[in-house]
Peer 1: 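Sharing a structure with you now.
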Amino acid sequence: MDIGVISVRYARALLKSATDANIEDTVYREMQMLAASYVEVPQLRQTIDNPMLSKETKQKLLVTAIGGSSASLLAQSFVALVLKEDRENMIQFMANSYVTLYRKQKNVIRGKLTTAVAVSPAMEQKMRQMVESHAKGTVEFESEVNPDIIGGFILEYDTYRMDASVRSKLNNILTQLKK
């Protein structure tokens, strides 16, 4: 069976259980943390995929990756089930699938604001509100500072991208001059 199909099935079951228990937001944060752990610590995949490592050790590692002792019982049970079924090599995909399904269910859109210098929290909030009014949903907003854009900003959400950076304006002028 395909890894994507299996991952989505597990994620869908976890989301249903979390929704029934009214802890889907908590599990969402835990699955984000687990997915981020795989990205930030590449050795985690190798360690979890190691057949010589005991299931108990793998469970401790994975529970630590989702929040340690403060992890929800549902998430801990989910990890135990995944290990029992020998699907630990897919748990990163399951976590990402859960995040995707949760966002779809809750109408959560990711947004990103890139500026040349740090912006004030008030300006960031204003941009978030603008995106939320256009997107008609909740926006998870991320800010990034990239001095390479020289000035202005780049706003991205869903499939929309607004590039009002000085760098892109200069590149446009340069392209016009070359014609």
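What you are looking at is a predicted structure, and each value in this text was computed from that prediction instead of being measured. FYI, the numbering just counts along the sequence from 1.
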Peer 1: So, are Arg110 and Glu156 salt-bridged, with charged N and O less than 4.0 Å apart?
Peer 2: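 The answer is no: the pair does not qualify as a salt bridge.
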Peer 1: Considering only heavy atoms from C-beta outward, does the side chain of Ile154 approach that of Ile149 to under 4.5 Å?
Peer 2: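 Contact flag for Ile154/Ile149 side chains = yes.
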Peer 1: Does any non-hydrogen side-chain atom of Arg87 lie less than 4.5 Å from one of Met94?
Peer 2: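 Sidechains of Arg87 and Met94: in contact.
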Peer 1: Verify side-chain hydrogen bond (donor to acceptor under 3.5 Å, both in side chains) between Ser54 and Thr57, making sure each step is shown before the conclusion.
Peer 2: CA-CA 5 Å; Ser54 71; Thr57 304; 2.8 Å; yes
Peer 1: On the 0 to 90° scale, with breaks at 30° and 60°, tag the Tyr98-Tyr102 ring pair as parallel, tilted or perpendicular.
Peer 2: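 Ring orientation of Tyr98 relative to Tyr102: parallel.
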Peer 1: Do side-chain atoms of Asn50 reach the backbone of Met52 as a donor and acceptor pair under 3.5 angstrom?
Peer 2: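 At least one qualifying donor-acceptor pair exists.
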Peer 1: How about Tyr28 and Gln32: does a side-chain donor come under 3.5 Å of a side-chain acceptor?
Peer 2: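 Result is yes, a qualifying pair exists.
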Peer 1: From the options Arg161, Met130, Lys112, select the one residue that forms a side chain to side chain contact (heavy atoms under 4.5 Å, CB included) with Leu155.
Peer 2: Met130
Peer 1: Does the side chain of Ser72 pick up a donor-acceptor pair with the side chain of Glu30 at under 3.5 Å?
Peer 2: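 Looking only at side-chain atoms, Glu30 and Ser72 do form a donor-acceptor pair, the distance falling under 3.5 Å.
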Peer 1: Say whether Leu44 and Met33 are linked into one hydrophobic cluster, either directly or through other cluster members, by side-chain heavy-atom distances under 4.5 angstrom.
Peer 2: no
Peer 1: Within a strict 4.5 Å, meaning less than it, do heavy atoms of the Gln105 and Leu101 side chains meet?
Peer 2: no
Peer 1: Any donor-acceptor pair under 3.5 Å linking the side-chain atoms of Asn96 with those of Tyr38?
Peer 2: no
Peer 1: Testing the 3.5 Å rule here: is there a donor-acceptor pair between the side chains of Asp163 and Ser168?
Peer 2: yes
Peer 1: Going by side chain to side chain contact (heavy atoms under 4.5 Å, CB included), Met127 matches just one of Thr115, Val119, Leu113. Which one?
Peer 2: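 Of Thr115, Val119, Leu113, side chain to side chain contact (heavy atoms under 4.5 Å, CB included) with Met127 is met by Leu113 alone.
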Peer 1: Just by distance, do the side chain of Glu142 and the backbone of Gly111 share a donor-acceptor pair under 3.5 Å?
Peer 2: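 Not at all, since once roles are kept as given, no pair shorter than 3.5 Å links the two residues.
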Peer 1: Can we say Arg128 and Glu124 salt-bridge, meaning some charged N sits less than 4.0 Å from an Asp/Glu carboxylate O?
Peer 2: yes
